[in-house]
Peer 1: 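Please find one structure pasted underneath; my questions will follow.
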Amino acid sequence: MKNYDFKTIEKKWQEKWVNEHSFRAVDFHPTKPKYYVLYEFFNISGNLHMGHLKGTVPADALARMKRFQGYNVLFPIGGDSFGLPAENAAIKKGINPHKFVEDGAKKAFDQSKQLGLSFDWDRTFCTSDPNYYKWTQWIFLQLYKHGKAYKKEGVVNFCPNCKTVLSNEDSQGGKCDRCGGDVVQRKRWVWYLKMREYSEKLLDNIDKIDMAENLKEAQRNWIGKSEGMQVGFDLFAESGRKLGKVNIFTTCIETIYGVTFVVLAPENDLIDNYAGEIKNWKEIEDYRKKTALRSEFDRLSDQKVKTGCKVEGIYVKNPVNNAKVPLYLADFVLAGYGTGAVMAVPAHDQRDFDFAKTFNIPVIQVIEGDCKDKAVEKKEYLSANSKMLNSAEFDGLPVKEAKQKIADKIIAMGAGEKKINYKMQDWPFNRQRYWGEPFPVVFCDHCGTVLLDEKDLPLVLPETDDYLPNEDGDSPLSKVTDWVNCKCPKCGRLARRETDTMPNWAGSSWYWLRYIDPHNDKALADFEKLKYWGSVDCYTGGTEHITRHVLYAFFWQNFLYEIGAVPTREPFKRKMGSGLILDDQGKKMSKSSTNGVSPLEFIDKYGADAARLHVHFLGGYEDNTPWTYDGITGITSFLDKVWALQNMIKGDEVSQEHRFELNKLVKKVTEDLEDLKLNTSIAALMTFIKKVRDDKFITKQELRAFLILLNPMAPHITSEIFEKVFGTQILDESWPKYDEKFLVADTITLPIQVNGKMTKKLVKVAKDVSQEQLLKEIEKQYPDIYNSTMTLKKVIYVPNRIVNLIK
RNA sequence: GCUGGUGUGGCGGAAUGGUAGACGCACGGGACUUAAAAUCCCGAGUUCGAAAGGACGUGUGGGUUCAAGUCCCACCAUCAGCACCA
C-alpha cells in the first residue's frame with residue numbers, strides 16, 4: 001500500500017466535485033426534505049484567513065452529514081463585494097473596483113475549493129453584480145413606496161476622515177468602523193429606513209431564533225427597549241404667558257416631585273420658535289456650535305464633566321405641583337433618544353446630580369436615603385422599596401406603590417401617558433461613496449423625488465476614475481455629471497440623480513433569499529422556490545455582525561414578508577456564532593499577528609483534511625481558540641491510521657467485538673455534528689480507531705460506517721479509501737444508524753460507592769443485572785465492603801451506572 | 001456602571017446529577033535502530049507511602065442531595081457586548 005499522498009488525492013476529489021457538480025441543490029426535489037445551511041458570505045478582500053477555516057468547516061460538515069441523511073441540501077456561497085477593500089484598492093492603487101472584485105471572488109472561491117468545501121457552485125454571486133443589485137434597488141423602491149424610506153435633514157454620525165455618514169451600528173464607541181477615526185455629529189440630508197418601527201418584530205425574531213444567550217442579549221441590548229412615561233411640562237415666557245409644551249421621557253415617574261430643572265438636547269429645536277423670548281440666544285447658539293464640534297468620542301470620555309447652558313427668559317412648570325422649573329441645554333441629553341428632553345432629578349439620578357452641582361441647582365430629595373454626596377438611584381431605592389418624601393399626598397408610601405399611583409394621577413390629569421422607547425434608531429442608509437448601489441431615485445424641480453421605474457433597473461454604477469468624495473463630503477458620483485444629469489421619469493424635464501450610494505450592509509440584508517433563485521430576472525426570487533426552501537435552517541458565521549447584519553436581515557425579511565415578496569417572516573431558524581482563532585497575544589488572529597498563519601500555507605504543508613481536523617480539534621465552534629501547530633502530529637498520525645485501515649479488513653458484517661463501540665460512535669458523531677461539536681466527534685473517532693487497532697481488525701461494514709462518519713470532517717481521504725475498498729462512491733451512501741439496544745455493553749464495570757463515597761472498587765456484572773444479583777456479586781468479590789451479615793439502610797442502584805451502599 | 005458568558009492537569013480541552021481529567025499535545029520509561037527520525041508499547045491530577053493502600057482535588061465560601069464540575073445562594077477573577085439611553 002502506498003502512503004497517504006494527500007496532495008494528489010485531495011486535488012483529485014476537489015476537481016471531481018467541481019466538475020460533476022456533486023453538491024448541486026435541487027429545487028423542488030420530489031422526495032427529499034430540504035435543508036438550508038448558510039455560511040456568511042465572503043467579504044471580498046484578499047486571501048481567506050484562519051477565521052474562514054474555523055467558520056466554514058463545521059457548516060460544511062453539517063451540510064455533508066445532512067446529505068447522507070437524505071436531505072436535499074442547499075449550501076451556497078457568494079461575495080459581499082460592495083465593501084471597503086475594493087474601494088480602498090481603487091483609491092490607493094487606482095485598481096478598478098470591478099476588477100478587484102472579480103479577482104477577489106475568484107480567489108476566495110478557489111481557496112474554498114482547496115479546503116474541500118461542498119458549496120453549490122452554480123449559485124454564486126457578488127453583491128456588486130448588477131443582476132444582484134438590481135434587486136437590492138428594487139427592494140429600496142418597495143421600501144420607499146411603502147413609506148419605510150424617507151430623506152430628511154438629520155443629526156448624524158459623520159466621519160470627517162471618510163467624509164461619510166455612519167449609522168450608530170457603524171460608529172460604536174464614537175469611532176468610525178471604517179477607519180477608526182473620531183466621529184462627529186453633523187447635520188446632513190440623510191436617507192433613513194424606518195427600522196425603529198420594527199423593534200418589536202425584531203425582538204420577536206430574537207425570541208424565536210435558536211442562538212446563544214449572549215448573542216441574544218447583545219441584540220436586545222442594542223434595541224434597548226425601555227418602558228416609562230412621556231410627560232408634558234408646559235412652557236412659559238417670563239411674563240407668565242404660556243408658549244407651548246416640553247415633552248420629556250422618564251422611567252422614574254416616582255421622582256417627579258424632585259424635579260429641579262429640565263434639560264433639552266442641544267440639537268432639540270423646540271425652543272427655536274421662542275428665540276424672541278429668550279434673553280441669551282447668542283449664548284445658546286455658541287453652546288450649540290461648541291457641542292457640534294465635539295466628537296462623539298469626547299462626549300463619551302468626559303462623562304464626569306457636564307457642560308450645559310441655561311435658557312434665560314423662559315421656564316416650564318411641573319404638572320404635578322405647578323413648581324416653576326428652569327430650562328437648560330446640555331449635551332448629556334441625546335437628541336435621538338426619547339423626546340430629546342429629560343426632567344432632571346438630581347437627588348435620584350447621578351448625571352442630574354453632577355449637573356446640578358456644576359450649575360448650583362437645588363436638590364430636592366423625594367425618596368429616603370442619603371443623597372448628600374451622590375444620588376440615590378433607582379436600583380438602590382427600588383430594591384429597598386424605600387418610602388416617599390416631599391411628594392404631597394404620596395409621602396410615606398413605599399416607592400413601588402407610589403410609582404403606580406403617581407402614574408395614574410398624571411394620566412388622569414391628561415399630562416402624560418405610558419410610553420415605550422427604543423435605543424435603536426432608524427437606519428441612516430446612505431454613504432457619500434462611489435462603491436455601492438446607486439439609489440434608483442432622481443430629484444426633479446417640478447415633481448420632487450421621483451423613483452425610477454422597476455423596468456429601468458438596474459441603475460448601473462457609472463465608470464469613473466475619481467473615487468474620492470469632494471471637499472463638502474459629497475459622493476464621487478456627483479462629479480460624474482453626464483450620469484447625474486438625467487431626464488425626470490415623470491415629466492421628462494431635466495433632473496438630477498441621487499449621488500449618494502447605499503451602505504455596504506444593503507447587499508447583505510437579503511442575500512440568503514437570492515441563493516434560492518440566483519438567476520431570476522423577474523423577481524428577487526421565485527415565490528414557490530422561496531416557499532420550498534423556507535428559512536435558513538442553520539446560519540453560521542462571525543459574531544461581530546450580530547447587532548448589525550443580523551438585525552438588518554431581520555428587518556428586511558420582515559418587510560419583504562409584509563409586502564408579500566417572501567413567504568416567511570423569519571430568515572434564520574438557528575444562528576451559530578463562530579469563535580475566533582486567537583494569536584499568541586490572545587487577540588483575533590490577523591495578518592499582522594506575530595504568528596499569523598494562512599490556511600493555504602497549512603494546507604500545503606499537511607493537507608486540507610488535516611487542516612480541517614486540526615483547527616476543529618482545538619476547541620468548540622463557538623469558543624475562541626488560541627492558534628497553535630502543537631498537536632498537529634496527533635491529527636496526521638490519526639489520518640495515517642485511517643489510511644491503514646484498508647489493510648486491516650477481516651470479515652464483512654459488524655462484529656460482535658465492535659458492535660457496542662460502533663453504535664456508541666454513530667450516536668456520538670450524529671449528535672455532535674448536529675451541534676457543530678467537531679472536537680468531540682473527532683475524539684470519538686480516535687477512540688474507535690484505537691479499539692480497532694487493539695483488536696487488529698475491522699470488518700467491511702464497520703469500515704463503511706467509520707468512513708461515512710468521518711467524511712463530513714475529512715472528506716478527501718474518506719472518499720478515496722471508500723472508492724478503493726468498495727469500488728463505489730461514498731456520496732451515494734446513507735448515514736449509519738445506531739440501535740438503542742446495543743448502546744450498553746454486555747458486561748458493565750460498575751463503580752461502588754459506600755455512604756456516597758467512591759470506593760475505587762469496581763464490580764463486573766452483566767448488563768441490566770438485578771440488584772439482588774449485584775449484591776451477591778459484590779459479596780463474592782469484596783466481602784469486606786458488603787456481606788449478607790451486614791444490614792444496609794439503603795441501596796441506591798442505578799442500573800449500568802453506579803451502586804451506592806448506605807450503611 | 002449595566003447585561004451576558006466563562007473559571008477543570010504543564011497545555012488545548014472532555015464529562016444526560018452517577019468512576020472528574022475522555023481525546024490530543026508536551027513529558028517520562030521501554031521496544032525497534034549502529035544512531036537518529038518515524039513507528040509501536042507502557043506510565044502519568046496532587047500528595048503521603050517501598051508497596052498495598054490512604055488523604056486531598058473542577059476559582060472561593062455556604063447550601064440541597066444517597067451522590068455536585070454539573071443544581072441553589074453569596075463572593076472573587078476573567079472575557080465579551082452595551083454604556084451620559086433619562
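All chains are named by letter (A, B, ...) in the order of the sequence lines, taking the proteins before the strands, and each is independently numbered beginning at 1. Keep in mind that the numbers below use all heavy atoms, side chains included, and drop hydrogens, waters and symmetry copies.
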Peer 1: For nucleotides 26-32 of chain B, just jot down a letter per nucleotide in 5' to 3' order: B, S or -, based on protein non-hydrogen atoms under 4.0 Å.
Peer 2: S------
Peer 1: A/Tyr192 and A/Gln425: side-chain donor and acceptor closer than 3.5 Å?
Peer 2: no
Peer 1: Should the pair A/Lys225 and A/Tyr422 be classed as cation-pi, given the thresholds of under 6.0 Å to the six-membered ring centre and 45° from the axis?
Peer 2: no
Peer 1: Taking B/G30 as the reference, what is the distance to B/A14 when you measure between their C1' atoms (whole Å, please)?
Peer 2: 29 Å
Peer 1: Quick one, give me the B/S/- string for nucleotides 10-16 of chain B, reading 5' to 3', where B means a protein heavy atom under 4.0 Å from the base and S means that only happens at the primed atoms, P, OP1 or OP2.
Peer 2: --BSS-B
Peer 1: Are A/Trp627 and A/Phe602 close enough that their ring centers fall under 6.0 Å?
Peer 2: yes
Peer 1: Suppose you measure atom P in B/A20 against the same atom in B/A44; what distance do you get, rounded to whole Å?
Peer 2: 16 Å
Peer 1: Taking the side chain of A/Ser637 as heavy atoms from C-beta outward, which of B/G5, B/C23, B/U39 is closest to it?
Peer 2: B/U39
Peer 1: Do A/Tyr337 and A/Ser226 meet the criterion of a side-chain donor-acceptor pair at a distance under 3.5 Å?
Peer 2: yes
Peer 1: Do the side chain of A/Tyr782 and the main chain of A/Glu777 share a donor and acceptor less than 3.5 angstrom apart?
Peer 2: no
Peer 1: Of the nucleotides B/U19, B/G4, B/G24, which has the atom closest to the A/Pro751 side chain?
Peer 2: B/U19
Peer 1: Hey, which sits more toward the 5' end of RNA chain B by its nearest nucleotide, A/Tyr422 or A/Thr759?
Peer 2: A/Thr759
Peer 1: Does any donor atom in the side chain of A/Thr251 or A/Lys378 lie under 3.5 Å from an acceptor atom in the other side chain?
Peer 2: yes
Peer 1: Please encode protein proximity along nucleotides 63-71 of chain B as a string of B, S and -, counting only heavy-atom distances under 4.0 Å.
Peer 2: ---BS----
Peer 1: How is A/Lys419 classified with respect to the nucleic acid when contacts are heavy atoms under 4.0 Å: base, sugar-phosphate, or nothing?
Peer 2: nothing
Peer 1: For B/G9, does the O4'-C1'-N9-C4 (purine) or O4'-C1'-N1-C2 (pyrimidine) torsion place it in syn, i.e. within 90° of 0, or in anti?
Peer 2: syn
Peer 1: Measure the distance from NZ on A/Lys760 to C1' on B/G45 and round it to the nearest whole Å.
Peer 2: 11 Å
Peer 1: Which base, if any, makes a Watson-Crick or G-U wobble pair with B/G81, both distances under 3.5 Å?
Peer 2: B/C2
Peer 1: Donor-acceptor pair, distance only, cut-off 3.5 Å: does the side chain of A/Lys216 make one with the backbone of A/Ile209?
Peer 2: yes
Peer 1: State, without any angle test, whether A/Asp170 and A/Asn157 hold a side-chain donor-acceptor pair at a distance under 3.5 Å.
Peer 2: no
Peer 1: Could you check whether the side chain of A/Lys306 and the base of B/C84 have a donor-acceptor pair of N or O atoms closer than 3.5 Å, going by distance alone?
Peer 2: yes
